[in-house]
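In what follows, a single structure is set out as structure tokens and then discussed.
By convention in this document, chain letters (A, B, ...) are assigned in the order of the sequence lines, proteins followed by strands, and residues within each chain are numbered from 1.
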2 protein chains.
Amino acid sequence: MAYEKTARISDVFTVLGDPTRRQIFERLGDGPQSVGNLALNLPVSRPAVSQHLRALKDAGLVTDRAEGTKRIYQIDPHGLGALRGWLDRFWVDQLDAFKAEVEKPDQDSEA
Amino acid sequence: MAYEKTARISDVFTVLGDPTRRQIFERLGDGPQSVGNLALNLPVSRPAVSQHLRALKDAGLVTDRAEGTKRIYQIDPHGLGALRGWLDRFWVDQLDAFKAEVEKPDQDSEA
DNA sequence: TTTTTTCGTAAGCCATGACTAACAGTAAGT
DNA sequence: ACTTACTGTTAGTCATGGCTTACGAAAAAA
């Protein structure tokens, strides 16, 4: 078997745990891009980006296709789906515990 | 200022990126527990658990309260809220890109 | 076919961080 | 007051993994 179709939540978290990798992934949110193009706006070398993309691909977070000598990467919904599934399940399971507390407004983020 | 009320998504991912920490966090899903009790069912020492709990606390993923000589930890909705916010925003942003693909059933997880 | 572009991979270095052991502190029990 | 139970912290070790450099491969261009 060549492909790993199922995206494991453990891999998703581990892979997205690295800041640089998260940065690459979020930049792919702007649209499909080549490896070199991604490396241009990042503080690491092109091979580093390539290695990160491999990890993202193995986790089912991105897919890639050839386009001439270039290789275009784009976001794969599978990985995000696994994350969403895990979070939703965890969320409803915890709702019993901190019912009212959830509604208390106070949750941030950072993009 | 002593408290860091805002849960940053970068911290949430980084902290949850460690397998052992994720394991501790998921076991807290069964309900509030003491440090020693958590350490019993884990392959690491108690101090290790204590250190992980600190990281989880700093990321806004858990809260703790004293109970006699014991210290009870439980899940804090703030961290999960930050994660949910990030995911939801990312999700809708990407909907334009892979519209139909999202509906194709095929998303796994691992608990 | 030879050169150019673009990329993946291997080898090796080095920093981050996860872990254990030892110690210190606080609360409850006697 | 002394002992016991439970935990946080520090120091120091060691493995994981992220990064760069160098190399090789494939496709397009000349």
If I take atom CZ in residue Arg65(B) and atom C1' in nucleotide dT7(D), what distance separates them, rounded to the nearest angstrom? 16 Å
Decide side chain to side chain contact (heavy atoms under 4.5 Å, CB included) for Leu87(A) and Leu80(B); before the verdict, give the C-alpha distance in whole Å, the side-chain angles of both, and the deciding distance to 0.1 Å. CA-CA 8 Å; Leu87(A) 184 58; Leu80(B) 283 180; 3.7 Å; yes
From CD1 of Ile24(A) over to P of dC7(C), roughly how many Å is that when rounded to an integer? 13 Å
Which residues share a ring-ring contact (aromatic ring centres under 6.0 Å, His included) with Phe13(B), sequence neighbours left out: Trp86(B)
Could you give the CZ-to-P distance, from Arg71(B) to dG25(C), as a whole number of Å? 17 Å
Would you tabulate the pairs of protein nitrogen or oxygen atoms and nucleotide nitrogen or oxygen atoms of nucleotides 10-16 of chain C closer than 3.5 angstrom?
| from | atom 1 | to | atom 2 | distance (Å) |
| --- | --- | --- | --- | --- |
| dA10(C) | N6 | Gln51(A) | NE2 | 3.4 |

Do Leu56(B) and Ile72(B) belong to the same hydrophobic cluster, where Ile, Leu, Val, Met, Phe, Trp and Tyr are linked whenever their side-chain heavy atoms lie under 4.5 Å apart, directly or via other members? no
Between P of dG17(C) and CG of Asp11(B), the distance in whole Å: 12 Å
If you define the side chain from C-beta out and look only at heavy atoms, does anything of Val12(B) sit under 4.5 Å from Arg8(B)? no
ring-ring contact (aromatic ring centres under 6.0 Å, His included) contacts touching residues 30-74 of chain B (sequence neighbours left out): none
Looking at His52(B), I'd like to know whether one of its side-chain N or O atoms comes within less than 4.0 Å of OP1 or OP2 on dG17(C). no
Report yes if a side-chain nitrogen or oxygen of Ser50(A) is closer than 4.0 Å to either non-bridging phosphate oxygen (OP1 or OP2) of dT9(C); otherwise report no. no
With Arg46(B) via side chain to side chain contact (heavy atoms under 4.5 Å, CB included) - residues at least two apart: Val35(B), Ala39(B)
Please check the phosphate of dA21(C) (OP1 and OP2 only) for any side-chain N or O of Ser45(B) closer than 4.0 Å. no
Sorted by number, the residues of residues 28-44 of chain B with heavy-atom contact under 4.0 Å to DNA chain D: Ser34(B), Val35(B), Gly36(B)
Hits for side chain to side chain donor-acceptor pair (under 3.5 Å) against Asp64(A), two or more places apart or cross-chain, chain-then-number order -> Lys57(A), Arg71(A)
Looking at dG8(C), I'd like to know if its phosphate oxygens (OP1 or OP2) sit under 4.0 Å from a side-chain N or O belonging to Tyr73(A). yes
note: Ile72(A), atom CD1; dT6(C), atom P; distance rounded to Å ~ 11 Å
Checking Thr14(B) now: which residues fulfil side chain to side chain contact (heavy atoms under 4.5 Å, CB included) with it, not counting sequence neighbours? Arg22(A)
Partners passing side chain to side chain donor-acceptor pair (under 3.5 Å) against Arg27(A) (at least two apart in sequence or in another chain): Gln33(A)
Find the distance Asp18(A):CG to dG17(C):C1' and express it as a whole number of Å. 13 Å
Rounded to whole Å, how long is the line connecting atom CG of Leu53(A) with atom C1' of dT6(C)? 13 Å
Considering residues at least two apart in sequence or located in another chain, which fulfil the ring-ring contact (aromatic ring centres under 6.0 Å, His included) criterion with Phe25(B)? Phe90(A)
Side-chain touch Leu28(A)/Leu38(A), heavy atoms, less than 4.5 angstrom: yes
Output, in order, the C-alpha distance, side-chain angles, deciding distance and verdict of side chain to side chain contact (heavy atoms under 4.5 Å, CB included) for Val49(B) and Leu42(B). CA-CA 8 Å; Val49(B) 174; Leu42(B) 288 174; 4.0 Å; yes
Can you tell me how far C1' of dA28(C) sits from NZ of Lys70(B), to the nearest Å? 12 Å
Shorter than 3.5 Å, N or O on both sides, protein versus nucleotides 24-30 of chain D: list them out with atom names.
none

What I want to check is whether an N or O donor and acceptor connect the side chain of Arg46(A) with the base of dG8(C) at under 3.5 Å. yes
